[in-house]
Amino acid sequence: MNAPAKISAITSLATPKISAAADRPFDLVVLLLPGFSHLALHAYIEPFRIANTVSRLPLFRWRIAGLDARPIEGANGLSVAVDVGIDELAFGSDDRRPNQLAIVTGEPVEQQLTPELNGFLRTMARRAVPISAVGTATWLLARTGLLAGTRCTIHWSRLAAFAEVFNQPRISDSLFVKDGQYSTCAGELAAFDLAVDLIGSHAGGYIAQEVCRHATVQGQRSGSNRQTGPSGLAFAGVSDKLLMAMRIMEENVEFPLTMEEVAQRAGVSRRQLERLFASHVRLPPVRHYLRIRTDHAKRLIEGTRMPIIDIAMACGFTSASHFAKCFRAFNGMSPQQCRAIVPAWVGPGLR
């Protein structure tokens with residue numbers, strides 16, 4: 001079957017978008033940095049390969065970019081060859097600029113923004129190239145200043161630190177967020193969802209659905225879906241009121257609410273709230289709230305160099321001794337001991 005016949009066959013089943021998409025492949029460039037997640041990389045790229053397969057058309061093409069021409073080693077020790085360097089992309093003609101730049105970083109992301117990389121990202125931004133940050137790459141993009149005032153997300157383990165370090169009130173616990181020129185994604189398997197969303201925008205909903213079906217994924221997930229559910233909770237058959245109460249607790253860490261206030265906002269009585277926690281969480285609501293706050297503190301200790309007393313206050317503790325006692329009860333160590341085992345790369349450059 002020749003190309004026009006292929007287009008005709010697929011458009012009869014799909015959407016008018018597909019014929020336009022087939023005229024010229026959508027050009028993706030994926031910038032990898034050392035220590036990147038292979039899971040995130042392939043979760044992002046494979047949907048585009050599948051889209052080409054199910055449509056029988058070259059809808060998408062992709063290239064791997066690096067800081068130079070050397071292979072890039074991922075977190076699992078496996079290396080990936082580079083197709084193009086950032087210099088070639090930055091100084092290439094406008095008619096060869098990519099349709100999308102995605103960034104997949106590794107750890108320590110805090111040390112990966114070199115002057116050359118900063119200049120490249122800002123050049124791509126000036127040239128109006130849409131940029132997607134996958135996982136911790138949100139941190140990298142924020143360091144350039146390009147995300148100022150932009151709604152965004154990052155992997156849940158970095159949410160607390162990101163909000164404090166960048167004073168970013170528009171960070172959310174979502175799978176992915178699109179805001180103008182920039183898309184940010186939680187990384188790992190959420191990269192699949194971001195890719196499918198792009199496929200739907202470029203090639204139509206039918207192809208996006210077929211990609212999910214081919215990948216044995218039960219439907220396309222919305223970017224607004226939360227990355228994680230409430231800690232320590234089995235989801236099946238759980239009361240919506242309990243989920244709401246837990247979300248209220250998670251959203252009020254710095255200035256904790258009373259249990260009466262939590263219950264009122266969740267639309268239940270204090271006694272109903274206690275029964276729900278006893279049935280599903282096996283902890284009193286006060287104790288669960290305390291665990292949420294100490295977990296938040298632990299992520300700040302691990303992800304920032306904020307002074308311990310500042311972290312205590314950011315998590316609603318007015319007494320350093322009370323904070324230390326609660327932290328030890330849930331983590332088996334003091335805040336200072338936790339800070340002592342933080343990797344050396346989490347340093348002053350964060351602030």
Side-chain angles (χ1 to χ4, degrees), residues 27-37 40-41 44 62-75 80 82-94 96-155 158-159 161-168 170-171 176-187 191 194 303-305 343-351:
D27 185 28
L28 294 150
V29 169
V30 183
L31 174 61
L32 298 182
L33 296 177
F36 69 90
S37 163
L41 169 64
Y44 184 75
W62 48 91
R63 293 175 287 166
I64 299 297
L67 301 180
D68 51 40
R70 291 175 295 180
I72 307 163
E73 185 175 308
V80 171
V82 168
D83 300 311
V84 61
I86 60 173
D87 284 347
E88 182 180 343
L89 289 169
F91 297 112
S93 61
D94 274 356
R96 296 195 62 190
R97 65 184 176 185
N99 297 113
Q100 185 83 29
L101 172 67
I103 312 165
V104 186
T105 58
E107 298 290 5
V109 67
E110 292 81 2
Q111 293 182 352
Q112 292 188 326
L113 187 65
T114 63
E116 294 77 15
L117 179 55
N118 183 71
F120 167 72
L121 293 175
R122 299 190 75 84
T123 295
M124 291 294 102
R126 283 196 300 272
R127 295 173 71 183
V129 174
I131 299 175
S132 295
V134 178
T136 55
T138 301
W139 194 291
L140 185 79
L141 210 54
R143 288 283 303 277
T144 68
L146 294 174
L147 289 184
T150 301
R151 293 183 300 109
C152 59
T153 190
I154 195 170
H155 189 270
R158 290 299 194 106
L159 279 168
F162 187 94
E164 291 291 338
V165 169
F166 296 104
N167 191 26
Q168 173 59 280
R170 305 192 74 189
I171 187 80
F176 63 88
V177 174
K178 299 188 298 180
D179 191 356
Q181 185 178 358
Y182 303 103
S183 301
T184 53
C185 165
L194 179 62
T304 76
R305 298 305 296 177
W345 48 261
V346 181
L350 286 175
R351 300 299 291 182

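Along the sequence shown, residues are numbered consecutively beginning with 1.
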So do the side chains of L117 and L140 get within less than 4.5 Å of each other, counting heavy atoms only? yes
Can you find a pair of side-chain heavy atoms, one from T138 and one from T153, that are under 4.5 Å apart? no
Going from OG on S132 to CG on L28, what distance comes out if it is rounded to the nearest 0.5 angstrom? 8.5 Å
If the condition is salt bridge (Lys or Arg N to Asp or Glu O under 4.0 Å), which residues does D83 pass it with, not counting sequence neighbours? none
Between V134 and A191, which heavy-atom pair has the shortest distance, and what is it? CG1-CB, 4.0 Å
What distance do T114 atom OG1 and I86 atom CD1 have between them, rounded to the nearest 0.5 Å? 6.0 Å
From L194 atom CG to Q100 atom CD, the distance as rounded to the nearest 0.5 Å: 7.5 Å
Would you compute the distance between atom OH of Y182 and atom CG of L101 and round it to the nearest 0.5 angstrom? 10.5 Å
Under the side chain to side chain donor-acceptor pair (under 3.5 Å) test, residues paired with D27 that sit two or more places apart: R61, R63
Is it true that a side-chain atom of E116 and a backbone atom of L67 form a donor plus acceptor pair closer than 3.5 Å? no
Beyond-backbone contact of L31 with L89, side-chain heavy atoms, under 4.5 angstrom: no
With rounding to the nearest 0.5 angstrom, report the CG to CE distance, L121 to M124. 8.5 Å
Sequence neighbours excluded, which residues qualify as ring pair (Phe, Tyr, Trp, His ring centres under 6.0 Å) partners of Y44? F48
Mark yes or no for whether R97, through its side chain, and R127, through its backbone, hold a donor-acceptor pair below 3.5 Å. yes
Before you tell me yes or no, could you show the steps for T136 and E107 under side chain to side chain donor-acceptor pair (under 3.5 Å), namely the whole-Å CA-CA distance, both residues' side-chain angles and the distance that decides it to 0.1 Å? CA-CA 8 Å; T136 55; E107 298 290 5; 4.6 Å; no
Gap separating the CG atom of L32 from the CD atom of E73, nearest 0.5 angstrom: 12.5 Å
Within the structure provided, determine whether F166 and I171 are in side-chain contact (heavy-atom separation under 4.5 Å). no
Taking every non-hydrogen atom, the tightest pair across A161 and T304: CB-CG2, 3.6 Å
R143 (side chain) donor-acceptor with E110 (main chain) under 3.5 angstrom: yes
Note: V29 and A65 closest approach over all heavy atoms is CG1-CB, 3.6 Å
If you take all heavy atoms of W139 and G303, which pair is closest and at what distance? CH2-O, 3.9 Å
Report yes if the side chains of S183 and K178 come closer than 4.5 Å at any heavy-atom pair, otherwise no. yes
Across all chains, not counting sequence neighbours, the side chain to side chain donor-acceptor pair (under 3.5 Å) partners of T184 are none
For Q112, which residues count as a side chain to side chain donor-acceptor pair (under 3.5 Å) partner, sequence neighbours excluded? none
Check against side chain to side chain contact (heavy atoms under 4.5 Å, CB included), I64 and L41: CA-CA 10 Å; I64 299 297; L41 169 64; 4.2 Å; yes
Answer yes or no: is there a side-chain heavy-atom contact under 4.5 Å between L159 and I154? yes
I need the minimum non-hydrogen distance between A137 and I103, along with the two atoms involved. CB-O, 3.3 Å
Which atom names give the shortest non-hydrogen contact between G149 and D179, and what distance separates them? O-OD2, 4.4 Å
Sorted by chain and number, sequence neighbours left out, side chain to side chain donor-acceptor pair (under 3.5 Å) with R122 holds for none
